[in-house]
Structure formats: structure tokens, C-alpha cells
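Below is one structure, written out as C-alpha cells; the observations come after it.
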Amino acid sequence: EQRPITNYITSVEKGLMKVMAKMGISTLRSYKGGQCFEAFGLSRNIINRCFTGCINRLDGVGFEYVAMDYLKFHLVGFSQHNGIELDETIRNGLPNWGDLHWRAGSSTQDHMNTPNSMASLQQAAKT
């Protein structure tokens, strides 16, 4: 029962190490507090509380917006909506922004995530 947790932790660690290596971060100590990012689209309230010292030239959404956005997506994932009225786009399923969309055509490359492989994966998960 511990194996899935151990596998998850290992995969997250490897993923973080890969991203850090691509950014030129050799140790966590050299990154911590490095402030090598700029926050974009978050209010100064959020920046001051959660990302102290981070550069933020443009103001953006606050805690209220983030909470409501999170709540909308959270409610879609569960059958009971506790009487909260959802707007039309959320009620009919999560919107598709096209980030993870399979595109057919002769000029496309074959990747691991094709419709057939996804159908096989879903079938395997059911059994």
C-alpha cells in the first residue's frame, strides 16, 4: 500500500530535478529565495502574502477570484453541488482550452497520447 505513494514521491522528485536542471539550478539551496520569477496576473495582496519579494509589475486577480475559480472546477469533479448554481459552461463539463488536444493529419507526429492509446488506458483502468 506504500508503493503508490513512494512511486509518486519519486516521480515528483525526478520531475522537479529535471525542470531545475533545465533552468540551471544545481542545488535546491541555490534556488531557494532566488526570486528568479516574475508573478503575472496575481494581485499585490497575493504576492505580498504568498510570494514575498517576487517581482509583480502588473496587478491581477485576488484571493476571491482564485477561490471562486477553484470552487467551480472542484464542484464539477463531484456529483453533489450543495445547491450552488453553476454557470452554463461549467454545468456542461470542463471547458476545453485545446492545450491537450489530439490533432489528426499527415503532418502531425505520432506521440504516445493518441485516441487509441487513451482508450486502451481507460479500458485497462476499468479492469
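Residue numbers start at 1 and run along the sequence shown. These figures come from a predicted structure and were not determined experimentally.
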Heavy atoms from other residues, nucleotides or ligands near CE of Met118 exceed 12 (cutoff 6.0 Å):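 Buried by this count: over 12 neighbours within 6.0 Å.
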- request: Could you check if a side-chain atom of Thr52 sits within less than 4.5 angstrom of a side-chain atom of Asn48, using non-hydrogen atoms only?
  value: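 With C-beta onward as the side chain, the pair stays apart.
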Please report, to 0.1 Å, the donor-acceptor pairs under 3.5 Å made by any side chain of residues 55-65, with sequence neighbours excluded.
unit_1: Asn56; atom_1: ND2; unit_2: Leu42; atom_2: O; d: 3.2
unit_1: Arg57; atom_1: NE; unit_2: Glu38; atom_2: OE2; d: 3.0
unit_1: Arg57; atom_1: NH2; unit_2: Glu38; atom_2: OE1; d: 2.8
unit_1: Asp59; atom_1: OD1; unit_2: Arg44; atom_2: N; d: 3.0

task: Kindly state each residue pair satisfying side-chain hydrogen bond (donor to acceptor under 3.5 Å, both in side chains) with at least one member in residues 12-25, sequence neighbours excluded.
output: none
